[in-house]
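Below is one structure, written out as structure tokens; the observations come after it.
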Amino acid sequence: MRNWSNVLSAGVLASGLAGLIAGPALAAPAALTVSDQKAVGDTIMIADVNLPKNGFLVIHPSDAKGNLIEKDIGHLTLTAGDHKAVKVKLTGAIKAGDKLWAMLHEDTGTAGQYEFGMAGKSNIDMPLKENGKVVENAFKLQ
């Protein structure tokens, strides 16, 4: 007669060891890829966005010198994972030659609600950093 408790214990132990050896799955680092482009109406396209956790893709304008302005002119809520050809509808006037910034932000406030910079809110939905640097890329409208 077989002792099933020993067989089950051995199976649980083996699967537990396999999990320890393999380790937890590591999320890919936060990243985004964007190119200079023509807007289609009031919409731009970000080629690739990777988020290790739920967050936001935010589009910012720049000043006359090309420096990022924190003002949000378009944003999109994204789930953790890799997203291709992400379209973002922009608000406000845009024109050829404008330098825009695509930036990733965390979702740390109300889930799915972009709250960065809102009155009465601080340190919420902050820019996402990878290796100590904000994940952002500039691009020009053609």
Check: residues 127-142 side-chain donor-acceptor pairs under 3.5 Å, at least two apart:
residue, atom, partner, partner atom, Å
Glu130, OE1, Ala30, N, 2.9
Asn137, ND2, Leu32, O, 2.7

Please output the side-chain donor-acceptor pairs of residues 72-83 that fall under 3.5 Å, not counting sequence neighbours, one pair per line with the distance.
residue, atom, partner, partner atom, Å
Asp72, OD1, Gly74, N, 2.8
Asp72, OD2, His75, ND1, 2.8
Thr77, OG1, Gly112, O, 3.3
Asp82, OD2, Lys84, NZ, 3.0
His83, NE2, Thr79, O, 2.7

Give a yes or no answer on whether the side chain of His105 reaches the backbone of Phe56 with a donor-acceptor pair at less than 3.5 Å. no

Glu70 atom CD, over 12 foreign heavy atoms within 6.0 Å: no

Are Trp101 and Val49 in one and the same hydrophobic cluster, where Ile, Leu, Val, Met, Phe, Trp and Tyr link if side-chain heavy atoms are under 4.5 Å apart? no

Say whether, by atom type as modelled, one donor and one acceptor occur between the side chain of Thr108 and the main chain of Ile124 under 3.5 angstrom. no

Answer yes or no: is there a side-chain heavy-atom contact under 4.5 Å between Lys71 and His60? no

Flag yes if Leu104 and Val86 sit in one hydrophobic cluster, no otherwise; membership is Ile, Leu, Val, Met, Phe, Trp, Tyr, and two members link when side-chain heavy atoms are under 4.5 Å apart. yes

Keeping the roles fixed (side chain from Ser62, backbone from Leu100), state whether a donor-acceptor pair exists under 3.5 Å. no

Could you state the interatomic distance from NZ (Lys87) to CG (Leu90), rounded to the nearest 0.5 Å? 13.0 Å

Is a side-chain donor or acceptor of Gln37 paired with a backbone partner of Ser35 at a separation under 3.5 angstrom? yes

Do Ile59 and Tyr114 belong together in a cluster built from hydrophobic side chains that touch within less than 4.5 Å? no

Kindly work out whether a path of hydrophobic side-chain contacts (I/L/V/M/F/W/Y, heavy atoms less than 4.5 Å apart) joins Val34 to Leu51. yes

Could you check if a side-chain atom of Asp107 sits within less than 4.5 angstrom of a side-chain atom of Lys53, using non-hydrogen atoms only? no

Group every Ile, Leu, Val, Met, Phe, Trp and Tyr by side-chain heavy-atom contacts under 4.5 Å, then state whether Met126 and Val58 land in the same group. yes

So, for Ala39 and Ile94, which heavy atoms are closest and what is the spacing to 0.1 Å? CB-CD1, 3.8 Å

Here the pair of heavy atoms bringing Ala102 nearest to Ile46 is CB-CD1, 3.9 Å

Can Thr43 and Val88 be said to form a side chain to side chain contact (heavy atoms under 4.5 Å, CB included), step by step? CA-CA 5 Å; Thr43 302; Val88 182; 5.9 Å; no

